[in-house]
Amino acid sequence: MQIPAAVAPPSSVVHHQLSLFSSSETIKEAKQLHCLSLKTATFNLSSVSSRLLSLYTSSPINDLLYARSVFDTIQSPSLPLWNMMIKCYVENHRSHDAIRLFSDLLSEFSPDNFTLPCVFKGCSRLCAVKEGEQIHGVSIKLGFALDKFVQSSLVSLYSKSGLLDRARKVFDKMSDRDLVTWNSLIDGYARSGDVENAEKMFDEIPERDSYSWTSLLHGFSKSGKLEAARDVFEKMPTKNLVSWNAMINGYMRAGDFESACELFKNMPERNLITWNSVMAGFEVNGRFDEALGMFLRMLKEEDGFKPNNATFTSLISAVAASAILSRARWIHGYMVKNGIGTDGVIGTLLIEMYSKCGSIESATSVFESIRRKKLGHWNSVIVGLGMHGKADEALELFKEMVESGVKPNAVAFVGLLNACSHVGYVEEARSYFDLMVREYGVEREIEHYGCLVDALCRTGQLQEAKTMIEKMPVRPNKVIWMSLLRGAKKSVDVEIGEYAAHRLVDLAPESYVPLSNLYAAAGKWERVSEVREMMKKKGIKKEAGWSLIEREGVIHRFIVGDRSHRETEEIYVKMKEMREKLREAGHVADTRQVLLRIEEEKDKEAELELHSERLAIAYGLISSKSKNGKSPIRVVKNLTVCNDCHSVTKLLSRIYQRDIIVRDNSRFHHFRDGSCSCNDFW
DNA sequence: TTAGGGTTAG
């Protein structure tokens with residue numbers, strides 16, 4: 001709506017305001033000028049509103065909301081204003097909206113040589129190379145085939161999309177190349193891993209600025225050629241923050257933390273990307289505590305750094321992997337306080353984090369709070385429910401998803417089949433295995449076969465599982481052989497177990513452990529010794545078991561027979577009490593899965609009784625009694641729960657009337673009042 | 001009178 005000015009502002013006022021525009025560069029100043037222009041009624045002058053839009057859309061301000069509000073009040077904006085607005089959307093990572101605006105523009109104007117580069121950049125951000133090609137055709141028809149900026153943005157689009165031949169074709173046709181064009185192409189070769197061509201172009205370049213050096217450096221570091229990257233880094237005439245970051249990121253990705261930290265320590269300045277690179281590097285290399293530690297350090301050391309989606313992507317994954325619920329709640333709380341939204345991939349990761357940290361309730365509530373639910377959100381919650389043994393809910397949500405018009409993909413079916421296999425729903429698994437192809441047109445991948453095989457194995461249908469593996473059209477991987485071997489161990493079927501183990505050992509040396517467990521369960525102690533000899537010879541160690549439990553922010557970790565804890569005395573008193581109560585409840589130890597051959601049954605029992613999860617549960621029972629006797633005991637374990645511990649934990653949940661939630665290496669067990677959510681299939 | 005293309009995290 002335009003408000004007519006009562007009195008035309010004097011030209012001296014307008015002149016003064018325009019001069020203020022050129023000296024402004026902060027959002028605060030922009031807003032002040034915005035107010036001033038409204039108060040003095042200069043806003044309706046196109047010279048003023050145009051300058052204001054330019055200010056809002058240019059760096060470093062780039063404020064999309066204010067820009068759009070100005071744009072919307074201008075009647076019939078000129079082509080440059082449309083161009084600014086499109087660029088602002090692209091710069092704010094809203095390229096879909098930028099393209100939408102571009103198609104609106106087409107009904108008013110013909111795009112010019114300023115419009116097209118922005119649109120190509122948007123296409124490149126969206127990986128929309130087909131659309132880019134179409135608009136490339138349009139730009140030729142409109143006579144912009146030889147415009148330097150149009151050509152340069154096309155080189156960039158094709159480079160980033162990996163179409164180096166096409167990029168090169170445009171590049172070769174250019175009569176007026178500048179550094180930007182060269183850099184686009186060098187970067188294209190570098191990011192596609194063609195370091196040779198990147199280097200060749202770099203050598204041919206008439207003049208180098210820091211972009212070219214950094215692109216080459218990035219190419220080397222991305223392809224893992226860190227010495228070559230370091231060489232470029234040392235040789236470049238002026239290093240900037242971007243080159244430091246690229247180098248640090250290369251080292252972090254390669255797991256060379258020492259070199260990365262050395263650079264991190266010595267660099268002249270840091271930005272958010274520096275910190276994010278380090279956090280992501282720790283996270284992908286499995287050093288979750290350090291990733292979290294860097295985040296805390298950043299908050300402490302860097303005043304005014306506002307963590308963004310990239311920060312949280314690494315951080316949420318790190319917390320999910322650590323499986324500590326209090327950390328999950330803390331990071332989520334931090335995000336809520338700081339206005340980080342849950343749509344898109346962040347929502348997906350949050351759901352996954354809560355599931356992996358043992359609170360499927362919080363995972364579900366995050367899912368429910370997301371207004372525009374995308375496929376990723378549905379998949380994440382379905383996978384989570386499966387992990388927690390809630391197959392009925394997973395199946396129900398799947399139906400809701402389909403009814404809401406979201407088309408399931410391969411991942412959705414992995415989640416669904418996995419949920420079925422975890423509770424032993426073989427018939428449901430079969431039916432969805434069939435339906436996914438017949439009704440939804442989703443191609444079966446090895447994971448889908450894996451889930452069905454697993455469901456068959458968990459329910460003891462080993463022969464059928466074996467036949468299925470032999471008939472399936474894809475080559476079985478180690479996960480599938482491992483399912484069969486685990487199933488054989490559970491059903492104590494030595495023949496099928498050996499069959500699986502023989503096919504497995506080449507793919508996965510750690511498979512000797514379940515084989516040895518199988519022999520132990522079958523009482524074939526000579527075979528156990530043979531396998532253990534073999535493991536020794538090949539240098540394969542059985543991963544030591546541990547369990548952890550968190551209390552008031554502190555992680556307490558136990559190994560078998562642990563006596564190192566500060567409250568060891570109390571823990572062992574509790575263990576004794578547990579033992580007596582279990583005996584009263586009629587528990588008889590299941591000693592079949594004791595790996596070592598111990599002659600006396602009594603000793604076998606003693607070994608079982610000191611399993612790390614029992615120590616953790618004992619600690620949970622004594623440490624949380626005074627605070628809140630009703631909160632569940634949450635234990636994280638690195639290995640699969642053994643038969644005996646599983647039945648013991650069921651009994652303990654009844655005896656002490658406490659929910660006990662155990663995460664093992666593949667799923668969750670919710671123990672309550674004497675039974676477990678896995679229905680004893682695991 | 002206002003506008004465009006190239007480097008690092010995800």
Side-chain angles (χ1 to χ4, degrees), chain A residues 14 18 21-22 45-58 70-71 74 77-88 90-91 93 111-122 124 144 147-157 159-160 170 174 177-188 190-191 205 209-219 221-222 229 232-233 236 239-250 252-253 270-281 283-284 307-317 344-346 349:
Chain A
V14 176
L18 289 176
F21 274 109
S22 46
L45 296 169
S46 72
S47 58
V48 173
S49 55
S50 302
R51 286 284 275 276
L52 186 61
L53 187 66
S54 161
L55 192 57
Y56 275 137
T57 56
S58 61
V70 170
F71 184 76
I74 298 172
S78 64
L79 185 54
L81 298 185
W82 282 89
N83 291 344
M84 286 185 228
M85 206 57 233
I86 291 173
K87 188 198 174 212
C88 193
V90 173
E91 294 306 310
H93 300 274
D112 67 3
N113 53 332
F114 284 86
T115 322
L116 294 163
C118 299
V119 173
F120 289 134
K121 190 174 180 180
S124 146
F144 296 116
D147 181 273
K148 180 169 115 179
F149 285 92
V150 172
Q151 288 173 312
S152 180
S153 57
L154 279 166
V155 171
S156 172
L157 167 66
S159 278
K160 287 213 172 68
V170 179
M174 290 180 75
R177 298 181 194 119
D178 62 12
L179 261 176
V180 175
T181 326
W182 283 91
N183 290 341
S184 289
L185 199 59
I186 291 174
D187 176 58
R191 70 175 58 228
I205 204 167
D209 70 0
S210 58
Y211 272 87
S212 329
W213 289 89
T214 310
S215 289
L216 189 66
L217 190 168
H218 175 225
S221 91
K222 201 178 160 247
V232 176
F233 182 72
M236 63 193 294
K239 301 178 185 41
N240 61 14
L241 185 51
V242 179
S243 41
W244 284 89
N245 286 346
M247 197 65 234
I248 287 175
N249 188 44
M252 287 303 298
R253 294 276 150 175
R270 299 178 189 130
N271 64 4
L272 184 59
I273 295 181
T274 321
W275 290 90
N276 284 351
S277 301
V278 175
M279 284 180 235
E283 194 272 314
V284 298
N308 60 8
N309 279 10
T311 321
F312 289 109
T313 304
S314 317
L315 221 48
I316 296 172
S317 309
V345 75
I346 291 284
L349 290 171

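We use all heavy atoms of the structure for the numbers below, so side chains are in, but hydrogens, waters and symmetry mates are not.
Side-chain N/O atoms of H218(A) include one lying less than 4.0 angstrom from OP1 or OP2 on dT8(B). Phosphate contact (OP1/OP2 of dG6(B), side-chain N/O of K121(A), threshold under 4.0 Å): present. For dT8(B), the OP1/OP2 oxygens have no side-chain nitrogen or oxygen of T214(A) closer than 4.0 Å. Contact annotation: R51(A) reaches the phosphate of dT2(B) (side-chain N/O to OP1 or OP2, under 4.0 Å). Residue N249(A) places no side-chain N or O under 4.0 Å from the OP1 or OP2 atom of dT8(B).
Distance CH2 (W182(A)) to C1' (dG5(B)): 16 Å, rounded to an integer number of Å. The separation between L157(A) atom CG and dG4(B) atom P is 19 Å, rounded to whole Å. Atom CH2 in W275(A) sits roughly 22 Å away from atom P in dT8(B) (whole-Å rounding). With rounding to whole Å, L185(A) atom CG is found 12 Å from dT7(B) atom P. One interatomic measurement links the two molecules: CG of N113(A) to C1' of dG5(B), which rounds to 12 Å at whole-angstrom precision. Straight-line distance from the CG atom of D209(A) to the P atom of dG5(B): 16 Å, rounded to whole Å. Remark: P of dG6(B) and CG of L216(A) are 19 Å apart, rounded to the nearest angstrom. Between M174(A) atom CE and dG4(B) atom C1' there is a gap of 13 Å when expressed in whole angstrom units.
Closest to the R191(A) side chain, of the nucleotides dG6(B), dT7(B), dA9(B), is dT7(B). Out of dA9(B), dG6(B), dT2(B), the shortest distance to the side chain of V180(A) is found at dG6(B).
At distances below 3.5 Å, not a single donor-acceptor pair connects side-chain atoms of K87(A) with backbone N or O atoms of C118(A). Side-chain atoms of K160(A) never come within 3.5 Å of backbone atoms of G188(A) as a donor-acceptor pair (strictly under, hydrogens ignored). Without hydrogens or angle criteria, S243(A) side chain to K239(A) main chain gives no donor-acceptor distance under 3.5 Å. Although no hydrogens or angles enter the test, the distance criterion places no donor-acceptor pair under 3.5 Å between the side chain of S54(A) and the main chain of S50(A). Without hydrogens or angle criteria, N249(A) side chain to M252(A) main chain gives no donor-acceptor distance under 3.5 Å. When atom types are taken as modelled, the side chain of D187(A) and the backbone of N183(A) share no donor-acceptor pair closer than 3.5 angstrom.
For S50(A) and dT2(B), a side-chain-to-base donor-acceptor distance below 3.5 Å is present, hydrogens and geometry of angles not being considered. One N or O donor and one acceptor, one from the side chain of D178(A) and one from the base of dG5(B), sit under 3.5 Å apart. Looking at D147(A), its side chain comes within 3.5 Å of the base of dG4(B) through a donor and an acceptor atom. No hydrogens or angles were tested; on distance alone, nothing pairs the side chain of N271(A) with the base of dA9(B) as donor and acceptor under 3.5 Å. Contact annotation: side chain of S153(A) to base of dG5(B), donor-acceptor pair absent below 3.5 Å. A donor N or O paired with an acceptor N or O is found under 3.5 Å between the base of dG5(B) and the side-chain atoms of T181(A). Put simply, the side chain of D112(A) and the base of dG4(B) share no donor and acceptor less than 3.5 Å apart.
In summary, the side chains of T115(A) and N83(A) do present a donor paired with an acceptor at a separation below 3.5 Å, with no hydrogens or angles considered. Checking N271(A) against T274(A) by side-chain atom types alone, a donor-acceptor pair falls below 3.5 Å.
D187(A) comes within 4.0 angstrom of sugar-phosphate atoms only, judged by non-hydrogen atoms across all strands, and of no base. Nucleic acid contact class of R270(A) (heavy atoms, under 4.0 Å, all strands): none. Looking at heavy-atom distances under 4.0 Å, K160(A) makes contact with sugar-phosphate atoms alone, never a base.
Annotation: proximity of residues 81-88 of chain A to DNA chain B (heavy atom, distance under 4.0 Å) is found for L81(A), N83(A), M84(A), K87(A), numbered in ascending order.
Residue ring and base: F114(A) counts as stacked with dA3(B) (centre distance below 5.5 Å, interplanar angle below 30°).
Annotation: side chain of Y56(A) is in contact with side chain of L52(A) (closest heavy-atom distance under 4.5 Å).
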